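This report concerns only the one structure given below.
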Amino acid sequence: MVKDQLIFERGEAGRRCATFPDPGYCDTPIPEQFRRKTPPALPEVSELELVRHYIALSRMNFSIDTEFYPLGSCTMKYNPKVHERAARAPEIAGLHPFSPASQGALKVIWEMEQVLVAVSGMDGFTFQPAAGAQGEFVGISLIAAYHRARKNEKKVVLIPDSAHGTNPATAAMCGYTVEAVKSTDRGTVDVDDLRSRMSSEVAALMLTNPNTFGIFEDEILEVAEIVHDGGGLLYYDGANLNAFLGQCRPGDMGFDVVHINLHKTFTTPHGGGGPGSGPVGVKASLLPYLPAPVVEKSGDGFRLNFDLEESIGKISTFYGNFGMVLRAFVYAKMLGAEGMRKTSEIAVLNANYLAARLDPYYERPKAAQPMHEMVYSASRQKKEFGVNALDIAKRLIDYGHHPPTIYFPLPNVAPEAMLIEPTETESLEQLDEFVAAMIKISKEAEQDPDVLHDAPHDTPVRRLDEATAARKPVLRWKPGQS
Ligand SMILES: *Cc1c(COP(=O)(O)O)cnc(C)c1O
């Protein structure tokens, strides 16, 4: 089926969609030994065929621009197109970081820093990290530098059992031993378990709030006190910031270091490996360790300050993915403080609407009221009808919706998990369509489980070996190999 749709496979020798002028300057021919013996196997198609090829490819995919995309923890909201216009303006897209004209770009970074300071309650930010995961690595490296400077002997990072996999991976990469803290039946951090694990060896607690069950850590002030009293710091994984953007601030909850995923909360494009942006913010006591350079105001202008003695070093070329910072800046300016508050209100309202409509049909293992996302479990469907979360997810594709995140949080804390996050950018009609599909699927599970086992039915490819698809993706067209 795929083959039929790939128009590159058609074509004919000599067919072209462009002609190239004689460059005129190429007097010296390429020496014989460097010339290829056979011409490259390139598609030979007309312009119309070229267009159809790429449009056909794009239609085999799901995207936020075409379908509902309730991928929990990822905040797949609509990316306003005005961001693209800003980022693609020639004055921006063609700007070299060493150009004197980069003053405007430095100003955008500096002003965006003020926005994130206001939103997070931190004292300063770096925009160098290219993703949340890299932000975590920077954040935990900052915490390590902080402890090193104080000659604190620290070995352990505490992480709740519901955490995103990047949290323990980060702590381990930074040389720490990871210890899991239990969640309560409500889905929040078990404060007694945390207290029993707290010791002078603990460098930090990494926490997402709301956590990956979508539940607000309402004992956060007590949690912060326990960690701080024990000599540790608090790291905030900001992937779920959308839930309380403009309402409350991690800095006021006691967090010392945060990362914010601009490609989640601040609507810069997402997926396909990036580029992303995971700015890291810190309280004043950690400012000296930020990656060099930092953007500073200097007279009427702005400058990059490389002269930071205690900096953990440079993290990325120049100043991270500036295009993402600019997109986020446009978004923040368009919303303003009031718009940001509204964003989180509607994100939470939409999720709670879905929960109210889906609760009669699917089990929700952590029953506390969710914020912007919630975790359902297909355990009952699995036990009674042999239908699991993967089957339900695949069937949703047949109904025109991207599946939610599945099997996260991990099975030891939430078996057969389906983590659903609608975001604020979806209409009531869209939410109702999704609910209708989920209800239909719950009935199919009872009456015709095989239709779920065999799903998806109408896609260019059916069930993939997902590990191989992720690790060895085929991203290039090669003749005869589609
Ligand atoms: C997305 C996510 C991350 C990692 O962020 P990336 O930008 O994808 O690297 C970390 N923690 C949580 C809870 C997330 O949802």
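In listed order, ligands and their atoms are each counted from 1. Numbering starts at 1 and runs along the sequence shown. Keep in mind that this is a model prediction, so the values were computed, not measured.
Protein heavy atom in closest approach to atom 9 (O) of ligand 1: Ala133 N, 2.8 Å. Here the protein heavy atom with the shortest distance to atom 6 (P) of ligand 1 is Gly132 N, 3.5 Å. Distance from atom 1 (C) of ligand 1 to its nearest protein heavy atom, with residue and atom name: Lys264 NZ, 1.5 Å. Among all non-hydrogen protein atoms, the one lying nearest atom 5 (O) of ligand 1 is Asn261 ND2, 3.0 Å.
At a heavy-atom cutoff of 4.0 Å, ligand 1 is contacted by the side chain of Glu136 but not by its backbone. By the criterion of a heavy-atom distance under 4.0 Å, both the backbone and the side chain of Ser73 are placed next to ligand 1.
With Asn242 as the partner, the side-chain hydrogen bond (donor to acceptor under 3.5 Å, both in side chains) test is satisfied by one option alone out of His372, Glu424, Glu373, Lys264: Glu424.
A salt bridge links Asp65 to Lys81: one of the charged nitrogens lies within less than 4.0 Å of a carboxylate oxygen. Under a 4.0 Å N-O distance rule, the pair Asp192/Arg195 qualifies as a salt bridge.
Of all atoms in ligand 1, listed by their number and element, those nearer than 4.0 Å to a heavy atom of His263 are 6 (P), 7 (O).
A cation-pi arrangement is present between Arg150 and Tyr146, with the terminal nitrogen or guanidinium carbon under 6.0 Å from the aromatic centre and inside a 45° cone about the axis.
The closest heavy-atom contact to atom 13 (C) of ligand 1, among the options Asp237, Thr75, Leu71, Thr405, comes from Asp237.
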Quick one: side chains of residues 410-417, donor-acceptor pairs under 3.5 Å with protein atoms, not counting sequence neighbours, listed by atom name and distance.
residue	atom	partner	partner atom	Å
Glu416	OE1	Ala389	N	2.8
Glu416	OE1	Tyr407	OH	2.9
Glu416	OE2	Lys382	NZ	3.1

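With sequence neighbours excluded, the residues that form a side-chain contact (heavy atoms from CB on, under 4.5 Å) with Glu111 are Lys107, Phe329, Lys333.
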